[in-house]
2 protein chains.
Amino acid sequence: MSDTPPSLDPVQLGAYFDLIEVTSLLRHAVEQQLREAGELSYVQFQLLARLGDSPTGSHRMTDLADGVVYSRSGLTYQAGLLEKAGLVVRAPSPDDERSTTVTITDAGRTRLAEVLPGHIEVVSGLLFEPLSRDDVEVLAGLLAPVRDHMRSTPPRSAAPRRRSGR
Amino acid sequence: MSDTPPSLDPVQLGAYFDLIEVTSLLRHAVEQQLREAGELSYVQFQLLARLGDSPTGSHRMTDLADGVVYSRSGLTYQAGLLEKAGLVVRAPSPDDERSTTVTITDAGRTRLAEVLPGHIEVVSGLLFEPLSRDDVEVLAGLLAPVRDHMRSTPPRSAAPRRRSGR
DNA sequence: TATTGTTATACTCTATAACTATA
DNA sequence: TATAGTTATAGAGTATAACAATA
């Protein structure tokens, strides 16, 4: 509580509101598509996509928790659902017995492939339709630094127990 | 399933992912701030802010439901919470007996004022810090048409049949 | 002791459908 | 009949804290 003047000019305010509104609507539409096309929540889709992107098809729980915003117990819950559905498997990590390695299964990849086209279609039709190629490039150029800034600011998933340096 | 080429180029994909990630992190931070500073969920804050912005301090339930994405029952639930907390009042509309008019109370305005500085500080520090004034203007210029487009797209259940040129 | 992950639990939120009442 | 809103209910998702196991 020092010298930060808390105010947003009208342009900032508009950008902020539009950002929230746009992603809210987009998320809503995408979640519906994922649910209908493949019985997946958005978080589950993100996890599957992340695993599918990995060269090994695997990630440690902690890495997934850092990538996806939520808490560890939340990740355990979601990973449990995915495992129950046969889309991933969990196994102790070879190098560190404390860690759990999550790996996407063939069924998981299949499910991902089933869902992806519709997903892309929604995003394409809803988000990118009114944007030219140049627009998209500009947008990407604006968002990347913001993302980096947010990522570098506070550690997320590992909730600091007691005194958290700040 | 034939002529729809569902694909996003790398730039689009990056923009999409960054958009989701950025708003996810932002939302998370903002929700925490709102909760700590004023016992408000984000939806509740949006409702209060919308009412506070109105010249009359009032809106019909339907208008609020249209503004905030969720279902009517969800709005009833949230409005109930706000009313229980004394931040809004509900009354039958004078002109249309079916409608309910929601009005922000003085306590609601006070709460809003308590929460707003911290809210703006979070948004400012997290979203706008890495962006210049020009950047923000460009961003706003990109988001506005997207928002309009999304708002004007009525049903998105299962109508992916459109392939215009690209 | 610190880290990784799980479990138990409690709670918030959202959606669906049935219902009331007004137009 | 159509619209506005509420209620009941059921389910998904998240966070917190306590816990066990490994480093």
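Sequence lines set the chain letters: A, B, ... in the order given, protein chains first and strands last, and positions in each chain run from 1. All figures in this text were calculated on a predicted structure; none of them were measured in a lab.
Ionic pairing of R111(A) and E39(A) is not present here: no N-O contact between side-chain nitrogen and carboxylate oxygen is shorter than 4.0 angstrom. Taking the charged nitrogens against the carboxylate oxygens, R50(B) and D63(B) have no contact shorter than 4.0 Å, which rules out a salt bridge.
Regarding Q32(B), its CD atom lies at a distance of 17 Å from the P atom of dT12(C), rounded to whole Å. At whole-Å resolution of the value, CD in E83(B) and P in dT7(D) are 10 Å apart. Whole-Å rounding puts the L64(A) CG to dT4(C) C1' distance at 13 Å. Between the P atom of dT3(C) and the CG atom of D66(A) lies a distance of 13 Å, rounded to the nearest Å. Taking atom CG of residue D96(B) and atom P of nucleotide dA23(C), one finds them 6 Å apart after rounding to whole Å. One interatomic measurement links the two molecules: CE of M61(B) to P of dT7(D), which rounds to 10 Å at whole-angstrom precision. We find that CG of L82(A) is positioned 16 Å from C1' of dG5(C), with the value rounded to whole Å. Rounded to an integer number of Å, the gap from H59(B) NE2 to dA4(D) C1' is 17 Å.
In summary, the side chains of Y42(B) and H119(B) do not present any donor paired with an acceptor at a separation below 3.5 Å, with no hydrogens or angles considered.
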Could you list the donor-acceptor pairs under 3.5 angstrom formed between side-chain atoms of residues 136-147 of chain A and any protein atom two or more places apart in sequence or on another chain?
residue : atom : partner : partner atom : Å
R147(A) : NH1  : D18(B)  : OD1          : 2.9
R147(A) : NH1  : D18(B)  : OD2          : 3.4

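Residue R98(B) places its side chain closer to dA2(D) than to any other of dT7(C), dA2(D), dG5(D).
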How does protein reach along nucleotides 13-19 of chain C, written 5' to 3' as B (base within reach of a heavy atom under 4.0 Å), S (only sugar-phosphate), or - (no contact)?
SBBB---
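The side-chain heavy atoms of Q46(A) and I20(B), taken from C-beta on, include a pair separated by under 4.5 Å.
Taking the side chain to side chain contact (heavy atoms under 4.5 Å, CB included) definition, one finds that A107(B) meets it with L87(B), T105(B), sequence neighbours left out.
Residue T100(B) is classed as a sugar-phosphate contact, given heavy-atom separations below 4.0 Å to backbone atoms only.
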